[in-house]
Amino acid sequence: MTEASKAPNHIGQFWTGRARNILGFRRVADLTIWPGFDLLLRVLLAQPFIASSIIKLSNLDQAMFLAANEYPVSWASPAVATILDVAVELGAGLLLSIGLFTRLAGALLAAMAMVIQTVYQPLDLNLHWAVLGVWFLLAGAGPISLDALIRRGLSGAALPFAQQFSSLFDWLKAWAAPAWMLFVRYWIGAMFFASGLTKIADWQSTLFLFEHEYQTPFLPVWFAAGSATVFELAMPVLLIGGLFTRLATLPLIVMTAVIQFTYLDHVDHLYWILLLGLILTWGPGRFSLDALAERWLQASLPLLFDREIWRNDTLPHVIVVGAGFGGVAAARALKNAPCRVTVIDRHNYHLFQPLLYHVATAALSPADIAAPIRELFRDQPNARVLMGRVTDVQRDENCVVLEDGCTLDYDHLVIATGARHSYFGNEAWEPFAPGLKKIEDATDIRRRILLDFERAENEEDADRRKALTTFAVVGGGPTGVELAGAIPELARHGMGGEFRNVSPETARVILVQSGDRLLPGFPESLSAATKRELEDLGVEVMTGARVTDIDEDGLSIGEKRIEVGTVVWAAGVIASAAGRWLDTERDKAGRVIVGADLTIEGAENIFVVGDTASSNAWNGNPVPGLAPAAKQGGAYAASVIAAKLSGKPVPGPFKYKHGGSLATIGRAAAVADFGWVKLSGAPAWWLWNVVHVLFLSSARSRFAVAMEWAWAYLTFRRSTRLITGK
Ligand SMILES: Cc1cc2nc3c(=O)[nH]c(=O)nc-3n(C[C@H](O)[C@H](O)[C@H](O)COP(=O)(O)OP(=O)(O)OC[C@H]3O[C@@H](n4cnc5c(N)ncnc54)[C@H](O)[C@@H]3O)c2cc1C
């Protein structure tokens with residue numbers, strides 16, 4: 001079927017997709033704004049109780065005097081009442097803040113507020129505290145809480161009544177919390193409605209108030225008074241009925257905030273805003289017209305909610321081969337396009353290659369820098385993930401061939417299969433000098449380096465021991481520099497005091513670069529800074545030195561022979577085999593030469609992006625083999641496909657935007673080139689760390705890497721020194 005005949009049939013589905021986005025927006029808000037607000041609410045509710053307990057603890061005599069004379073209770077002595085009071089205020093306040101046993105904490109604080117209300121001083125503030133305390137008792141804490149972290153584990157724990165409590169909490173959340181929300185809506189709504197009625201009952205006083213007390217400088221008095229009254233009367237009706245509930249809270253929040261900040265600073269106003277904020281972010285709950293309407297929509301327009309629609313076989317099919325930076329960017333950018341997307345990769349993970357050398361030098365473990373591809377597309381219904389190795393593309397048939405012989409038809413194809421290392425015709429060196437491209441490469445290099453130290457520890461011959469603790473890195477680009485800088489750190493700091501026959505800190509690291517300077521892609525001043533920093537770390541930098549042979553025991557540079565334990569190859573890359581499959585023009589590095597729109601000659605529906613493509617889209621210069629370039633290329637290819645499928649104008653030619661170049665050398669040493677500013681040393685190193693943590697693909701990886709780095713930085717220890725594999 002041709003694309004033209006398909007597109008109009010799917011316009012309806014396209015708009016269904018847009019409508020889903022609007023519902024999706026609410027879902028995103030539920031996943032982002034609500035958790036943050038829930039945390040804020042817990043902290044704000046806990047804060048006066050914690051403060052009160054601290055004041056009481058700092059003057060216990062005064063606290064007991066008050067317990068005896070100001071708010072005595074019949075069932076406890078002043079001393080017991082004071083201790084109980086402080087324990088509940090402090091304990092429940094802290095638990096509520098961190099979201100641990102939140103329901104218990106909410107119940108205790110609600111009870112405490114009601115005791116103050118009935119025994120000591122009736123105030124609206126106590127009622128607000130009680131209402132919020134009960135809310136947390138019924139709804140529990142949101143996702144940013146310790147309860148959320150341990151919930152699943154606790155519900156299945158081998159503890160008495162764990163299952164029963166879990167069911168009770170589920171029931172409370174599903175039914176009691178929405179019922180309480182109905183009460184909160186009614187309570188807040190009634191309050192505003194009564195205020196509106198009061199304004200109408202004495203309109204002259206209302207106008208006077210707006211003219212002389214409230215400051216509404218940009219609005220005529222009659223307009224400000226009139227609209228405030230209308231809002232106070234109309235919004236509560238919506239709030240109580242639960243119709244357009246979230247929208248209805250907005251004018252009331254604005255009005256209350258205006259009164260609070262321009263006219264009367266009163267703590268009750270803040271609690272009204274918080275309660276309205278709770279309705280805005282949590283929603284009206286199941287006892288509302290909004291919920292009824294949503295249920296009706298689900299029943300009558302299933303397409304709006306149905307994820308299956310995206311598996312519809314008649315939608316145009318986009319195949320993305322390779323789930324590296326380019327492929328993932330392309331597939332993600334097709335999320336809202338009227339098509340099915342199939343992402344094929346030979347691995348089940350997306351790898352963050354820039355941190356591979358950290359795995360190779362035992363600073364991170366593989367799981368820290370890789371994320372399951374399926375997880376990346378969990379929330380993209382139109383994408384499915386296939387694990388498999390593509391071995392060919394049959395352009396005439398519009399299909400890709402997998403290693404097992406299976407074929408898959410495509411309407412559009414995006415190839416993003418990256419690059420691999422090149423030995424420039426010396427493939428025989430590969431077994432002795434592994435390159436660094438895959439996780440297996442990184443764990444292999446880690447194994448070789450660590451094994452060398454183990455063997456050296458067992459070696460009687462001093463020369464052989466010296467050779468085993470000598471490491472050579474071939475290639476002075478960013479990867480070579482990073483590796484060469486990381487090995488001394490591992491040797492000098494990571495293993496100190498652990499060996500008896502060998503001193504890892506005396507390990508020799510050699511960086512061999514055939515060109516006359518390191519980091520040829522960077523300005524000369526930064527190349528010089530890099531060399532200096534590496535030499536400070538004890539690395540021997542050999543520039544203008546071409547490797548002529550590598551074997552089991554070492555390498556040769558012309559006549560010079562160096563015995564080494566491990567050689568790592570970081571000298572060259574060659575594109576994946578995609579050019580061969582496509583049978584199209586390639587450059588010297590095997591990269592597919594693409595047009596201005598990243599398609600190949602003679603096939604407008606085949607795009608090649610990232611390291612596999614050769615494009616001059618950087619102001620007429622070659623696009624570099626960098627992650628941002630692959631991402632931009634992938635996103636661009638997707639935008640062209642989406643435009644074609646929706647009948648929109650196709651974007652202009654691809655233009656690569658270079659954000660800057662970064663390379664790290666070692667602890668507090670890195671270089672950064674942004675064109676207009678060049679950095680080296682600690683500032684560049686901090687920047688490198690922040691950028692790399694931020695660009696990791698999952699929150700778990702970001703957290704894990706930040707923690708590992710902080711640990712390694714502060715303790716100088718490396719916790720991932722495992723020798724695995726053959
Ligand atoms: C050690 C190292 C350090 C780097 N450091 C940096 C850095 O600091 N900053 C930076 O910007 N860039 C850096 N890069 C470069 C950057 O990682 C690449 O430019 C980028 O990964 C290219 O993205 P891509 O999508 O083209 O390919 P890749 O990210 O390599 O992804 C290719 C994907 O295709 C899959 N694949 C390959 N062949 C097949 C097949 N036949 N069938 C199915 N799937 C297949 C692979 O499994 C892989 O998932 C570094 C690269 C390396 C190796």
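In listed order, ligands and their atoms are each counted from 1.
The distance criterion of under 3.5 Å between nitrogen or oxygen atoms is not met by G610 with respect to ligand 1. Not one N or O of V321 is nearer than 3.5 Å to an N or O of ligand 1, by distance alone. Looking at A419 next to ligand 1, no N or O pair under 3.5 Å apart turns up. Residue contacts with ligand 1: S576 is placed with no nitrogen or oxygen under 3.5 Å of a nitrogen or oxygen of the ligand (distance criterion only).
In this structure, a donor-acceptor pair under 3.5 Å is present between the side chains of R517 and S527. Using modelled atom types, one finds a donor on one side chain and an acceptor on the other under 3.5 Å when comparing H658 with Y656. A donor-acceptor pair shorter than 3.5 Å can be found between the side chains of Q380 and N382.
Contact annotation: for V390 versus ligand 1, heavy atoms closer than 4.0 Å belong to both the backbone and the side chain. Under 4.0 Å from ligand 1, the heavy atoms of A630 that appear belong solely to its side chain. Residue F352 does not touch ligand 1, judged by heavy-atom distances below 4.0 Å. Under 4.0 Å from ligand 1, the heavy atoms of H692 that appear belong solely to its side chain.
In the vicinity of T479, heavy-atom distances shorter than 4.0 Å reach the ligand 1 atoms 1 (C), 2 (C), 3 (C). Residue-ligand proximity, P628 to ligand 1, at heavy-atom distances under 4.0 Å covers atoms 11 (O). For ligand 1, the atoms sitting less than 4.0 Å from at least one non-hydrogen atom of W581 are 41 (N), numbered in the order shown with element in parentheses. Counting the atoms of ligand 1 from 1 in the order shown, those under 4.0 Å from a heavy atom of D611 are 18 (C), 19 (O), 20 (C), 22 (C), 26 (O). Each of the following atoms of ligand 1 lies closer than 4.0 Å to a heavy atom of R389: 41 (N), 42 (N). For ligand 1, the atoms lying closer than 4.0 Å to a non-hydrogen atom of G388 are 42 (N), 43 (C). Here is the list of ligand 1 atoms found below 4.0 Å of a heavy atom in K437: 53 (C). When each atom of ligand 1 is checked for a heavy atom of G322 under 4.0 Å away, the hits are 33 (C), 34 (O), 35 (C).
Ring-plane geometry between Y423 and H421 is classed as perpendicular, the angle between the planes exceeding 60 degrees on a 0 to 90 degree scale with a lower cut at 30.
Looking at atom 4 (C) of ligand 1, its nearest protein heavy atom turns out to be P354 CA, 3.6 Å.
Electrostatic pairing of R389 and E403 counts as a salt bridge here, judged by a charged N lying under 4.0 Å from a carboxylate O.
Within 6.0 Å of the CD atom in E524, the count of heavy atoms belonging to other residues, nucleotides or ligands does not exceed 12.
Residue I415 holds its CD1 atom at 9.5 Å from CD1 of I319, rounded to the nearest 0.5 Å.
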